[in-house]
Student: 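First the structure, which I've put down as structure tokens, then a few questions once you've had a look.
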Amino acid sequence: MPSNPEIEELIRVLRQALLGERLAHAYLVCGRSRAMLREAAGAILALLYCKAPPPERPCSACPPCRQALARQHPDLLWIEPESKSRRVVVEQIDQVLRHISQTTFDGGWKTVVLADADRLNDQASNKILKTLEEPPPRSLFLLLTDSPDELLPTIISRCQRLTLNADDPAASREGRDLVLAAMTETGGAGMAAAVERARFLLERLKAIKAEISEAEETVMAETNLEDLDKSARDKMKAVLEARVEARYRRRRETVLEWLMLWQRDLLLCAAGADDTLLAFRDAADALRREARGLGCRAALARVRAVEAMQTQFNRNVHETMVFEHGFIRLAEPELSPG
């Protein structure tokens with residue numbers, strides 16, 4: 001069995017679907033961690049091919065389990081983006097179609113994993129659509145992605161979605177540390193302090209985006225752009241920009257989630273809750289100072305203010321405006337007693 005609780009629960013649900021012959025033919029497996037997505041795919045494949053009794057599947061010990069986990073099972077095809085273009089191309093989908101039409105090795109399942117499925121190019125996306133709509137019997141597609149919005153809606157509609165919500169631990173710690181620093185290391189009170197906190201986070205987020213951009217450009221550097229025509233180069237650059245933006249937005253969402261937890265902690269302090277309930281237990285003294293004299297209604301209004309920030313980001317309001325207006329809203333007199 002997998003060690004990750006989310007994947008363990010996912011396998012429990014799919015085991016019941018398998019026993020009840022209710023498995024979907026295609027699953028879109030989404031999550032923030034690519035490593036976690038690949039671990040989940042391995043566990044699902046082991047579940048299908050395992051020879052242990054149903055309650056013990058996947059056992060991770062029998063030969064088919066080990067083959068599945070090593071991506072070496074004869075009825076499995078695992079597709080990754082090509083190293084040159086970093087895309088899944090139509091020739092790879094031709095390989096998928098040949099694989100899925102062949103007779104199974106032992107009468108079981110034919111499986112295909114499309115890792116980084118958001119990297120399907122247009123031709124590949126269009127070619128796989130019909131097979132996803134009318135797959136052969138006892139075939140299963142697993143499309144793994146950390147950027148589901150980059151897939152064609154027609155592909156998404158042909159898959160059952162499975163979401164693994166666990167954050168990247170390093171990104172989560174980073175988000176927590178940024179919020180803690182913004183709320184405890186910026187001095188003063190009122191509107192001036194609110195603007196200072198907003199600008200503190202904006203500066204740190206700018207640095208994060210630069211870091212992400214540098215990492216993606218390093219991957220792009222592996223491609224010999226001179227071998228591509230202008231249209232292909234322009235498309236590669238557009239893909240790079242889209243991936244940077246998608247990764248950055250997830251990091252920013254993590255910061256906003258921790259900002260929400262800070263406001264929730266203020267509400268708990270205002271209600272007289274014990275420190276053990278706080279997300280920022282190490283900042284309990286600072287939270288209680290900020291919550292001193294703050295009624296539950298005012299604390300709840302601060303939670304709503306952060307929710308409004310999340311809504312504005314979803315509507316693509318400019319980032320600087322969202323943070324500055326949001327923090328000023330948190331400091332407005334009507335959110336405080338009196």
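Position 1 is the first residue of the sequence, and the numbers go up from there. All values below were derived from every heavy atom in this structure, side-chain atoms included, with hydrogens, water molecules and symmetry-related copies excluded.
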Student: Does Gln123, at its CD atom, have more than 12 non-hydrogen atoms belonging to other residues, nucleotides or ligands within less than 6.0 Å?
Tutor: no

Student: With a 4.5 Å limit on heavy-atom distance, are the side chains of Pro136 and Ser101 in contact?
Tutor: no

Student: Write out all pairs satisfying salt bridge (Lys or Arg N to Asp or Glu O under 4.0 Å) with one or both partners inside residues 71-81, taking only residues at least two apart or from two chains.
Tutor: Arg38-Glu80, Arg71-Glu80, Asp75-Lys110

Student: Same cluster or not: Phe200 versus Met309, using hydrophobic residues (I, L, V, M, F, W, Y) connected whenever any side-chain heavy atoms lie under 4.5 Å apart?
Tutor: yes

Student: Is it true that Lys130 and Glu134 have a side-chain N and a carboxylate O under 4.0 angstrom from each other?
Tutor: yes

Student: Working to the nearest 0.5 angstrom, can you tell me the gap between Lys206 NZ and Thr320 OG1?
Tutor: 9.5 Å

Student: Can you measure from OG1 (Thr131) to CD1 (Ile93) and round to the nearest 0.5 angstrom?
Tutor: 9.0 Å

Student: Is a salt bridge present between Asp282 and Arg176, judged by a nitrogen-to-oxygen distance below 4.0 Å?
Tutor: yes

Student: What is the distance from atom CG of Leu142 to atom CG of Leu37, rounded to the nearest 0.5 Å?
Tutor: 10.5 Å

Student: Taking atom CG of Leu143 and atom CG of Asp118, what is their separation to the nearest 0.5 Å?
Tutor: 10.0 Å

Student: Between Glu150 and Arg119, is the closest basic N to carboxylate O distance under 4.0 Å?
Tutor: no

Student: Less than 4.0 Å between a side-chain N and a carboxylate O, is that true for Arg304 and Glu307?
Tutor: yes

Student: Go through the structure and list residues passing salt bridge (charged side-chain N to carboxylate O under 4.0 Å, His left out) with Asp275, not counting sequence neighbours.
Tutor: Arg288

Student: Taking side-chain hydrogen bond (donor to acceptor under 3.5 Å, both in side chains) as the test, write out the residues that go with Ser125, two or more places apart.
Tutor: none

Student: Ignoring hydrogens, what is the shortest heavy-atom contact between Gly175 and Val255? Give both atom names and the distance.
Tutor: CA-CG2, 4.0 Å

Student: Which heavy atom in Glu9 sits nearest to a heavy atom in Arg12, and how many Å separate them?
Tutor: OE2-NH2, 2.7 Å

Student: Looking only at side chains, do Glu319 and Tyr248 share a donor and an acceptor under 3.5 Å apart?
Tutor: yes

Student: Quick one: pull up CH2 in Trp78 and CD in Gln72 and give me the separation to the nearest 0.5 Å.
Tutor: 12.5 Å

Student: For Asp94, enumerate each residue passing the side-chain hydrogen bond (donor to acceptor under 3.5 Å, both in side chains) test, keeping only those at least two apart in sequence or located in another chain.
Tutor: Lys127

Student: Do the charged groups of Lys209 and Glu245 touch, with an N to O distance under 4.0 Å?
Tutor: yes

Student: May I ask you to decide whether Glu21 forms a salt bridge with Arg138, counting only side-chain N to carboxylate O separations under 4.0 Å?
Tutor: no

Student: Identify the heavy atoms of Tyr49 and Trp109 that sit nearest to each other, and give their distance.
Tutor: OH-O, 2.9 Å

Student: Please report the interatomic distance CG(Leu47) to CD1(Ile44), rounded to the nearest 0.5 Å.
Tutor: 8.0 Å

Student: Taking the side chain as every heavy atom from C-beta outward, state whether Val179 and Leu261 have any pair of such atoms under 4.5 Å apart.
Tutor: no

Student: Check this for me: Phe105, atom CZ, are more than 12 non-hydrogen atoms of other residues, nucleotides or ligands nearer than 6.0 Å?
Tutor: no

Student: Is it the case that atom NE2 in His325 sees more than 12 heavy atoms from other parts of the structure closer than 6.0 Å?
Tutor: no

Student: State whether Tyr27 and Arg161 meet the cation-pi test: NZ (Lys) or CZ (Arg) under 6.0 Å from the six-membered ring centroid, and within 45° of the perpendicular axis.
Tutor: no

Student: Among residues two or more places apart or on two chains, list those pairs meeting ring-ring contact (aromatic ring centres under 6.0 Å, His included) that have a residue in residues 119-138.
Tutor: none

Student: Using the test side-chain hydrogen bond (donor to acceptor under 3.5 Å, both in side chains), find all partners of Glu290 that sit at least two apart in sequence or belong to another chain.
Tutor: Trp262, Arg302

